[in-house]
Amino acid sequence: DLPAFRTLLGRVTHGYKVCPVCATETESEYIGNKIIYSKYRRFLKNDHPYRALKHRWYRDVEYKEPPTRLRGSSLLEKLERIKYIRGKIPPSKKRLISEAYDNVDCLVDEEGRPAWYKKSILFDLDYWSNHKVRHTIDVMHTEKNVVEHLINFMFNKGKQSSKLEFDKDRKLQCCQVLKDAKLPSCLATKLNGLICLQPPGLQIKKTYDYHILIQYLLPIMVQHAYPKCRELRRALLQVSLYFNIICSKVLVREHVQAAKDMIVEALCVLVHYVSTDFFDISIHLMVHLADQALLCGPSNYIWMYPFER
């Protein structure tokens, strides 16, 4: 998770350059008292029609290539130039530190804050800079955050309304179906105690229940939803299928690569229908899970369920 990422690697986990993969190439903007990450067309193939699509957030044609992982040798060279001061920085030294960061071109974000604030002690190991993945993105926390966002917008628990919200009858119907669902024993918590009918809503607290919800129950919830927005329904089904592929015990390289293209296309569709506060860093990290699976293997060997469940 991101707090451990900050502690172990000295990476800044707030601001405009939070993504551990895109690093200083992360595209973000400040809208509505929140930093959002809603630009995903650069992850599409060069000949994809969505690259030429113009929208209120996409005013121009997208020609950028996907960001590449920063190699350990080049990163280590830049980290050597960072001056790290332990503890709370006194006001008299803040100006000197900001001037020192001005000389580190690729490590400073739009507000002048560094993307890294110190050199990790792990770089003292001879092999550490040669690792392609020095810190994995936790699938468990990312999946939980994504489902929470979807549920909040479907049942209008967010600050802004969107086309992702169910109508009143659909909310009641979904809650009734989930309340009457008969799941295999030990698969998940009994949902009948977590579903409210008046007013309709979900009160899920356990992370593994979110895992079951997005992989098995979300397709049922949106099966007949959004009759006038079929591409929105298709995008939500693609999100569910994406996590099914990423969390499989056996990964097929072609399937994982196709899943990456599928989730980027789904996010480009969601931009048209969902308000801006939906696209926080958790939604952005979802894009990089496919590349991580290709490098690290199945997710059940690296996620946090054995330690936090």
Side-chain angles (χ1 to χ4, degrees), residues 1-23 26 28 34-38 40 43 69 115 120 122 131-155 157-158 187-189 194 202-218 236 238-249 251 256 259-260 263-264 266-267 270 274 277-309:
D1 52 356
L2 288 180
F5 185 63
R6 174 183 176 88
T7 303
L8 290 177
L9 292 187
R11 183 73 163 83
V12 173
T13 56
H14 60 278
Y16 292 90
K17 309 296 180 182
V18 181
C19 179
V21 179
C22 300
T26 306
S28 58
K34 187 176 182 180
I35 298 176
I36 65 168
Y37 308 83
S38 60
Y40 299 100
F43 296 98
R69 290 180 179 268
S120 173
L122 295 176
H131 279 322
K132 293 183 178 180
V133 181
R134 287 175 290 276
H135 189 284
T136 59
I137 302 171
D138 184 30
V139 179
M140 183 190 76
H141 287 98
T142 304
E143 186 180 48
K144 173 182 177 294
N145 294 334
V146 170
V147 182
E148 280 185 336
H149 280 61
L150 292 176
I151 294 300
N152 289 340
F153 276 84
M154 287 177 181
F155 290 89
K157 295 182 180 180
L187 179 63
T189 308
L194 304 176
L202 307 181
Q203 297 180 354
I204 299 177
K205 298 181 179 179
K206 292 187 177 181
T207 306
Y208 191 72
D209 293 337
Y210 286 109
H211 176 74
I212 298 299
L213 181 65
I214 191 172
Q215 296 203 13
Y216 301 102
L217 301 179
L218 181 63
L236 295 176
Q238 287 176 331
V239 174
S240 176
L241 179 59
Y242 177 75
F243 279 105
N244 269 280
I245 296 175
I246 296 300
C247 298
S248 300
K249 293 183 178 179
L251 298 177
V256 176
K260 178 184 177 181
I263 193 62
V264 175
L267 291 175
L270 289 177
V274 187
D277 55 346
F278 177 82
F279 297 95
D280 62 1
I281 188 59
S282 299
I283 305 299
H284 178 84
L285 292 178
M286 188 168 50
V287 178
H288 302 299
L289 293 179
D291 291 332
Q292 176 179 289
L294 293 175
L295 293 173
C296 302
S299 301
N300 56 343
Y301 295 109
I302 57 177
W303 60 19
M304 296 296 293
Y305 280 113
F307 308 100
E308 296 192 10
R309 186 183 176 188

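The first residue of the sequence shown is numbered 1, and numbering continues consecutively from there. Below, all heavy atoms of this structure are taken into account, side chains as well, without hydrogens, waters or symmetry copies.
A heavy-atom distance below 4.5 Å is found between the side chains of Gln215 and Glu143. Proximity of Trp303 to Cys247: side-chain heavy atoms (C-beta onward) are separated by under 4.5 Å at one or more points. Side-chain atoms of Leu270 and Phe153, non-hydrogen and from C-beta on, never get closer than 4.5 Å to each other. Leu285 is listed as a side-chain neighbour of Pro20, based on a closest heavy-atom distance under 4.5 Å. Counting heavy atoms from C-beta outward, Ser282 and His141 have side chains that stay 4.5 Å or more apart. Counting heavy atoms from C-beta on, the side chains of His131 and Leu295 never come closer than 4.5 Å. Looking at heavy atoms from C-beta onward, Thr136 lies in side-chain contact with Cys296 at the 4.5 angstrom threshold. A 4.5 Å side-chain heavy-atom check between Tyr242 and Met286 finds at least one atom pair inside the cut-off.
Note: Thr207 OG1 to Lys144 NZ = 5.5 Å, rounded to the nearest 0.5 Å. In this structure, Gln203 CD and Asp209 CG are separated by 13.0 Å, a value rounded to the nearest 0.5 Å. Distance check: Ile263 CD1 to Leu241 CG gives 9.0 Å after rounding to the nearest 0.5 Å.
Judged as a side chain to side chain contact (heavy atoms under 4.5 Å, CB included), and not counting sequence neighbours, the contacts of Leu294 are Arg253, Val256, Gln257, Asp291. His149 is linked by a ring-ring contact (aromatic ring centres under 6.0 Å, His included) to Phe278, counting only residues two or more places apart in sequence or in another chain.
Remark: side-chain polar atoms of Ser248 are paired, donor with acceptor, to backbone N or O of Ile245 under 3.5 angstrom. Listed for the Ser240 side chain is a donor-acceptor partner under 3.5 Å among the backbone atoms of Ile214. For Asp138 (side chain) and Met304 (main-chain N/O), a donor-acceptor pair under 3.5 Å exists by modelled atom type. Looking only at distances, a side-chain donor or acceptor of Tyr210 sits under 3.5 Å from a matching main-chain atom of Ile204. In terms of modelled atom types and a separation under 3.5 Å, the side chain of Ser299 and the main chain of Ile246 share a donor-acceptor contact.
Between Phe43 and His284, the two ring planes are perpendicular [angle over 60°; tilted spans 30° to 60°].
Annotation: salt bridge (charged side-chain N to carboxylate O under 4.0 Å, His left out) contacts involving residues 239-248, sequence neighbours excluded, are absent.
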Begin from the C-alpha positions of Ile137 and Val21 and carry the test side-chain contact (heavy atoms from CB on, under 4.5 Å) through to its verdict.
-> CA-CA 9 Å; Ile137 302 171; Val21 179; 4.3 Å; yes
Any chance you could lay out the side-chain contact (heavy atoms from CB on, under 4.5 Å) test for His288 and Cys22, step after step, and finish with the verdict?
-> CA-CA 9 Å; His288 302 299; Cys22 300; 3.4 Å; yes
After noting the C-alpha distance and the side-chain angles of Ile36 and Asp277, does the key distance pass the side-chain contact (heavy atoms from CB on, under 4.5 Å) rule?
-> CA-CA 7 Å; Ile36 65 168; Asp277 55 346; 5.6 Å; no
Go through Phe243 and Val147 one step at a time and tell me if the side-chain contact (heavy atoms from CB on, under 4.5 Å) criterion holds.
-> CA-CA 11 Å; Phe243 279 105; Val147 182; over 6 Å; no
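With Leu150 as reference, Leu218 is the one residue of Ile283, Val274, Leu218 to meet the side-chain contact (heavy atoms from CB on, under 4.5 Å) rule.
The minimum heavy-atom distance linking Ala266 with Val239 is given by the pair CB-CG2, 4.5 Å. Residues Thr26 and Lys17 come closest through the heavy atom pair O-NZ, 2.9 Å. Between Pro298 and Ile302, the closest heavy-atom pair is O-CG1, 4.2 Å.
Taking the ring centroids of Tyr305 and His211, they lie under the 6.0 Å cut-off.
Within 6.0 Å of NZ in Lys34 there are more than 12 heavy atoms belonging to other residues, nucleotides or ligands.
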